[in-house]
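Report on one structure; see the data block that follows.
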Amino acid sequence: MSHQIDIEKIRADFPILSRKVNGHPLVYFDNAATSQTPKAVIYAIVEYYEGYNANIHRGVHSLSQEATDAYEEARETIRAHFNAEKKEEIIFTSGTTHGINLVANGFASELKVGDEVIVSALEHHSNIVPWQMLCEKTGATLKVIPMTESGELNLDAYEELLSEHTKLVFVNHVSNALGTVNDIERIITKAHQKGAAVLIDGAQAAPHIKADVQALDVDFYVVSGHKMCGPTGVGVLYGKEEWLTKLPPYQGGGEMIDQVTFEKTTYAGLPHKFEAGTPNICGGIALGKAIDYLNAIGFETIAAYEHELLTYATEQLLEIEGVKIYGTSKEKTAVISFNIEGIHPYDIGTIIDKLGIAVRTGHHCAQPIMDYYKIPGTVRASFSFYNTKEEIDAFIQAVKRAKVMLS
Ligand SMILES: Cc1ncc(COP(=O)(O)O)c(C=O)c1O
């Protein structure tokens, strides 16, 4: 196989890929919702619980020390992966949603009536709702970068929205519903020229694109572990040290304090100020292993192979009469959102599941995109580096069968 992907070896790393669903070999094309887990990550979880499960940071005993060292090593792996300048800028969260809420909560003390914040039309609900709540609290105004028919952002319109009132811009790196890769370099540069901070939702980019937060000069970058071969319930917020120092803590509790008296509490330094309570220790360690696993394959190799899958699947799908693909941006990750004329996406998803094929149907937590296209939802097939062209063939056959049954 080209691009040096040893697909047999890679697939052997993912035990779940050899199971059957409804009597058929599993074809897992729901990777944008959650990725599958390689043995290296599964074993890290088992090793943790079998070998050194203990609470971290505050124990003098050996087990606690081992767990702390492994957790902090994972933080260093994550720092190096995203090229953050300092380990203190890496905050463990429970996922992208948590990271965004943490920042939105912090900005409550930064915004006032008359201030403006900018979102895009391509966002997942978790990069919309927390900011609406923030605007309700502060009286700031939410502005929206419009999208185009091809599922791209109109960045000329974005530049018109920017003004000296703009305080914050929050946009995803990659759209979960359409796969569009946004020009975040331009978005960040233009926001900074107006003095606004930028949060990038990297949930969908993280499994495909290695973001360099220093090169991007981004203020905040958030990801979820479970979309990048890690476990659920763990994620990362990168924040520039100056911002994280300035923003107030999100939650109060153990771990995030320096001194507590009934008169006054002082907070711990970074990153602990934002990590109240016992964290997902095992999840953090396992996420470090997932990142090592992805880097061992290499992000360029992953991107090239997934692009091949995307091109192959797009061509095959477009040969089926009545298929319309939503999201035709030139820069796309391996996501195909589509409908077949006259057929509800849910019905296609249900029928092809009977043939072992897992896709997502619905609005993909991106209702404004569906409203733009005036559709209730789409069928979304999202590919990963462990998928194959043979699986795409099975998927195409299944879609054809569903079409015959539903027409
Ligand atoms: C672009 C994007 N942002 C945010 C999220 C929310 O991630 P999580 O549910 O892991 O917090 C998702 C999940 O699908 C997503 O695709």
Side-chain angles (χ1 to χ4, degrees), residues 78-79 81-86 89-91 93 96 99-100 102-104 106-107 110-111 115-124 126-128 130-131 134 140-148 151-176 178-224 235-247 299 303 329-333:
I78 293 162
R79 182 209 65 73
H81 176 74
F82 290 106
N83 193 30
E85 192 187 343
K86 298 179 179 173
E89 296 174 317
I90 300 298
I91 311 294
T93 63
T96 301
I100 293 170
L102 188 159
V103 176
F107 267 82
E110 295 290 315
L111 299 183
D115 286 342
E116 293 174 359
V117 295
I118 299 182
V119 69
S120 97
L122 288 181
E123 301 308 307
H124 187 282
S126 63
N127 202 25
I128 301 174
W131 306 111
L134 174 67
T141 306
L142 185 72
K143 305 249 167 167
V144 185
I145 309 169
M147 62 181 278
T148 64
E152 290 165 288
L153 290 178
N154 179 341
L155 292 186
D156 293 334
Y158 164 62
E159 290 188 29
E160 307 233 313
L161 290 178
L162 282 166
S163 76
E164 67 281 9
H165 301 293
T166 312
K167 293 292 177 272
L168 188 62
V169 176
F170 25 93
V171 173
N172 60 35
H173 195 164
V174 172
S175 154
N176 67 305
L178 306 178
T180 312
V181 180
N182 290 313
D183 183 354
I184 59 168
E185 287 83 358
R186 178 170 166 196
I187 290 169
I188 294 165
T189 304
K190 293 295 170 187
H192 284 171
Q193 283 170 2
K194 298 286 181 188
V198 180
L199 176 141
I200 297 294
D201 170 353
Q204 291 296 333
H208 315 285
I209 301 167
K210 187 166 169 149
D212 178 331
V213 294
Q214 288 191 77
L216 287 168
D217 193 26
V218 67
D219 300 282
F220 304 97
Y221 195 92
V222 284
V223 300
S224 294
V236 176
L237 159 67
Y238 159 79
K240 276 186 187 163
E241 185 181 30
E242 55 183 293
W243 271 117
L244 294 178
T245 304
K246 197 171 177 198
L247 297 184
F299 276 78
S329 163
K330 264 191 254 89
E331 294 293 324
K332 246 185 101 164
T333 55

Closest non-hydrogen contact found for A211 with L216 is CB-CD1, 4.1 Å

Rounding to 0.5 Å, atoms CG (L142) and CD (E116) come to a distance of 10.0 Å

I'd like to know if the side chain of D219 reaches the main chain of V198, judged simply by a donor and an acceptor atom lying under 3.5 Å from each other, with no hydrogens or angles considered.
yes

Mind checking whether H81 and Y238 have ring centres under 6.0 Å apart?
no

Quiz item: Is there a donor-acceptor contact under 3.5 Å from the side chain of S224 to the main chain of A203?
Solution: no

CE of M147 to CG of L178, rounded to nearest 0.5 Å, is 5.5 Å

**Asked** Would you say the side-chain atoms of T245 and E242 include a donor-acceptor pair closer than 3.5 Å?
**Response** no

CG of L161 to OG of S120, rounded to nearest 0.5 Å, is 11.0 Å

Side chain to side chain contact (heavy atoms under 4.5 Å, CB included) with N127: of L199, I200, V222, T96, only one passes, and it is L199

Between D115 and A140 (side chain of the first, backbone of the second, donor and acceptor by atom type, cut-off under 3.5 Å), is there such a pair? no

Value for CG (D201) from CG (L122), rounded to nearest 0.5 Å, stands at 11.5 Å

*Would you mind checking if K190 and D156 are paired as a salt bridge, meaning a charged N to carboxylate O distance below 4.0 Å?*
no

- Query: Side chains of S126 and H124: do they bring a donor and an acceptor to under 3.5 Å?
  - Reply: yes

Which of V103, I118, V117 passes side chain to side chain contact (heavy atoms under 4.5 Å, CB included) with F170? It is V117

Here the pair of heavy atoms bringing L111 nearest to K167 is CD2-CB, 3.5 Å

When rounded to the nearest 0.5 Å, the distance separating CG of L237 from CD1 of I78 is 11.5 Å

Value for NZ (K194) from CD (E159), rounded to nearest 0.5 Å, stands at 9.0 Å

**Message:** Is the distance between the ring centroids of W243 and F107 under 6.0 Å?
**Reply:** yes

| query | Is the closest basic N to carboxylate O distance between K330 and E152 below 4.0 Å? | reply | no

